[in-house]
**Student:** 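I have a structure here, written as structure tokens, and I will follow up with some questions on it.
Excluded from the calculations below are hydrogen atoms, water molecules and symmetry mates; all remaining heavy atoms, backbone and side chain alike, are included. Both counts, for ligands and for their atoms, begin at 1 and track the order of listing.
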Amino acid sequence: MNRPPLGPLHVLTDARGGPQALAAVAAAVAAGAPVVQVRAKDCTDRVLYEFAGQVVDICRPAGATCLVNDRVDIALAVGAAGTHLGADDLPVAAARRVAGPGHLIGGTARDPELARRLVAEGADYLGVGPAYPTTTKTGLPDALGPARIGAVAAAVAVPVIAIGGITAERVPELLAAGAAGVAVVGAVSGSADPAAATRQLLRALAAHVR
Ligand SMILES: Cc1ncc(COP(=O)(O)OP(=O)(O)O)c(N)n1
Ligand SMILES: Cc1ncsc1CCOP(=O)(O)O
Ligand SMILES: [Mg+2]
């Protein structure tokens, strides 16, 4: 099957895309971010395709894994390693049929039951959140907190990546609860110094490897 590696830090792009988002990705990858997720909203397919291709071009020479949020077709078109799918996106099982066994597929889950179902459908990892309150995405349920993220992690054998309001200071309690890693938007893509922010998160993750 040989799917690409899934590191413990997923840096998600600024949803507006564009040169500033790309500069943050380049800085994060240069600082060692192992995974970048292209997460661009409210743009045309063409704009998303071109943005995702640019992110793949940044990730490839550094050996970073590039995932695309929402869109398995765009992920395949640009040669990304995988796709992250939420409740409004193509179902995991359908994406697996389209993309084949070598494509990494992640799914969003907030409870053990859905987590088990997504894994049975073929998810390689789960994104679980919001871990803490966040202003990056609207319409989310209340924050789950480390304990409910741990309950999801305990229910499945795939890595659980916590997301939502995550800072380096919050990494230890998430890993202690059972998360395998974290995904961030604001902490890196919204930082004045994305490279320093990435290094800080990587240090926190390395210090608390289970
Ligand atoms: C690692 C990770 N986990 C969860 C999400 C959220 O995905 P989704 O539910 O599809 O919501 P949007 O990101 O599309 O707003 C994620 N992107 N990454
Ligand atoms: C897309 C998404 N899904 C759950 S929380 C979230 C936003 C995470 O952004 P931030 O890291 O800035 O809180
Ligand atoms: Mg989505």
**Student:** Mind checking whether Leu144 and Val158 sit in one hydrophobic cluster, side chains of I, L, V, M, F, W, Y counted as touching below 4.5 Å?
**Tutor:** yes
**Student:** Evaluate the side-chain proximity of Cys66 to Val38: yes if any heavy-atom separation is below 4.5 Å, no if none is.
**Tutor:**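 A side-chain contact exists here, since the closest heavy-atom pair is under 4.5 Å.
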**Student:** How far is atom 11 (O) of ligand 2 from its nearest protein heavy atom, and which residue and atom name does that atom have?
**Tutor:**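 Nearest protein contact, heavy atoms only, for atom 11 (O) of ligand 2 is Val185 N, 2.9 Å.
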**Student:** Work out the angle at the Mg ion (ligand 3) between OD2 of Asp89 and OD1 of Asp70, rounded to 10°.
**Tutor:**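 Reported to 10°, the angle equals 80°.
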**Student:** Looking only at protein heavy atoms, which one is nearest to atom 14 (O) of ligand 1, and what is the separation?
**Tutor:** Lys41 NZ, 2.6 Å
**Student:** Does ligand 1 have a heavy atom under 4.0 Å from the side chain of Asp88, from its backbone, from both, or from neither?
**Tutor:** neither
**Student:** Ignoring angles and geometry beyond distance, decide whether Arg110 reaches within less than 3.5 Å of ligand 1 through its nitrogen or oxygen atoms.
**Tutor:**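 Between Arg110 and ligand 1 (N or O atoms, distance only) the closest approach is not under 3.5 Å.
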**Student:** My understanding is that we take every heavy atom of each candidate and find the minimum distance to atom 13 (O) of ligand 1. Doing that for His10, Arg39, His84, which one comes out nearest?
**Tutor:** Arg39
**Student:** Ignoring hydrogens and geometry, is there a side-chain-to-backbone donor-acceptor pair from Asp124 to Gly106 under 3.5 Å?
**Tutor:** no
**Student:** Working to the nearest 0.5 angstrom, can you tell me the gap between Leu22 CG and Gln54 CD?
**Tutor:**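 One finds 5.0 Å between CG of Leu22 and CD of Gln54.
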**Student:** Counting heavy atoms only, which of Val182, Ile163, Thr138 is nearest atom 2 (C) of ligand 2?
**Tutor:** Ile163
**Student:** Only heavy atoms of Ala183, strictly under 4.0 Å: list the atoms of ligand 1 that pass.
**Tutor:** 1 (C)
**Student:** Relative to the heavy atoms of Val184, which atoms of ligand 2 are at a distance of less than 4.0 Å?
**Tutor:**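 What qualifies from ligand 2 is 11 (O).
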**Student:** Look at atom 10 (P) of ligand 2 and say which protein heavy atom is nearest, naming residue and atom and giving the distance to 0.1 Å.
**Tutor:**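 Ranked first by proximity to atom 10 (P) of ligand 2 is Thr136 OG1, 3.4 Å.
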**Student:** For atom 3 (N) of ligand 1, which protein heavy atom lies nearest, and how many Å away is it?
**Tutor:** Gly127 CA, 3.2 Å
**Student:** With heavy atoms of Arg39 as the reference, note each atom of ligand 2 found under 4.0 Å away.
**Tutor:** 1 (C)
**Student:** Would you call Arg39 and Lys137 a side-chain contact if the rule is heavy atoms closer than 4.5 Å?
**Tutor:**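 When only atoms from C-beta onward are counted, Lys137 and Arg39 do touch, with a gap below 4.5 Å.
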**Student:** Show me which atoms of ligand 1 lie under 4.0 Å from any heavy atom of Asp70.
**Tutor:** 10 (O), 14 (O)
**Student:** Assigning hydrophobic clusters by single linkage (Ile, Leu, Val, Met, Phe, Trp, Tyr; side-chain heavy-atom cutoff under 4.5 Å), is Leu9 placed with Val29?
**Tutor:**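 In one cluster: no.
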**Student:** For Arg117 and Glu121, indicate whether the former's side chain and the latter's backbone hold a donor-acceptor pair under 3.5 Å.
**Tutor:** no
**Student:** Under 4.0 Å from a heavy atom of Asp89: which atoms of ligand 1 are those, numbered in the order shown and with their elements?
**Tutor:** 10 (O)
**Student:** Which bit of Thr135 gets closer than 4.0 Å to ligand 2, counting heavy atoms only: side chain, backbone, both or neither?
**Tutor:** neither
**Student:** Under 4.0 Å from a heavy atom of Gly86: which atoms of ligand 1 are those, numbered in the order shown and with their elements?
**Tutor:** 8 (P), 9 (O), 10 (O)
**Student:** Could you check whether any side-chain heavy atom of Arg71 comes within less than 4.5 Å of a side-chain heavy atom of Asp45, counting everything from C-beta outward?
**Tutor:** yes
**Student:** May I ask you to check if ligand 2 and Pro130 share an N or O to N or O distance below 3.5 Å?
**Tutor:**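 Not met; the criterion fails.
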**Student:** Is the closest side-chain heavy-atom distance between Tyr49 and Val78 below 4.5 Å?
**Tutor:** yes
**Student:** Just wondering, do Leu12 and Ile163 contact through their side chains at under 4.5 Å, heavy atoms?
**Tutor:**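 The answer is yes; the side chains approach within 4.5 Å.
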**Student:** Taking only heavy atoms of Lys137, which atoms of ligand 1 are found under 4.0 Å from at least one of them?
**Tutor:** 11 (O), 12 (P), 15 (O)
**Student:** Considering only protein heavy atoms, which is closest to atom 18 (N) of ligand 1, and at what distance to one decimal place?
**Tutor:**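 The answer is Gln37 NE2, 3.0 Å.
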**Student:** In terms of hydrophobic clustering (I, L, V, M, F, W, Y; side-chain heavy atoms under 4.5 Å; direct or indirect links), are Ile166 and Leu202 co-clustered?
**Tutor:**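 Same cluster.
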**Student:** Please verify whether a non-hydrogen atom of Gly165 lies at under 4.0 Å from ligand 2.
**Tutor:** yes
**Student:** Any idea which of Thr108, Val128, Leu140 brings a heavy atom closest to atom 6 (C) of ligand 1?
**Tutor:**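 Shortest heavy-atom distance from atom 6 (C) of ligand 1: Thr108.
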**Student:** Which protein non-hydrogen atom lies closest to atom 13 (O) of ligand 2, naming both residue and atom, and how far is it?
**Tutor:**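 Here the nearest protein heavy atom works out to Thr134 OG1, 2.6 Å.
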**Student:** Using modelled atom types only, decide if a donor and an acceptor are shared between the side chain of Arg110 and the backbone of Val128 within a distance under 3.5 Å.
**Tutor:** no
**Student:** Going by the atom numbers of ligand 1, which of them fall below 4.0 Å from some non-hydrogen atom of Ile163?
**Tutor:**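 Result: 2 (C), 3 (N), 4 (C), 5 (C), 16 (C), 18 (N).
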**Student:** Do any N or O atoms from the side chain of Arg3 and from the backbone of Gly82 form a donor-acceptor pair under 3.5 angstrom?
**Tutor:**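 No; zero donor-acceptor contacts below 3.5 Å.
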**Student:** Would the distance check show the side chain of Thr13 and the main-chain N or O of Ala15 forming a donor-acceptor pair, the cut-off being under 3.5 Å?
**Tutor:** no
**Student:** Just jot down the ligand 2 atoms closer than 4.0 angstrom to any heavy atom of Gly186, in number order.
**Tutor:**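 With Gly186 as reference, the close atoms of ligand 2 come out as 10 (P), 11 (O), 12 (O).
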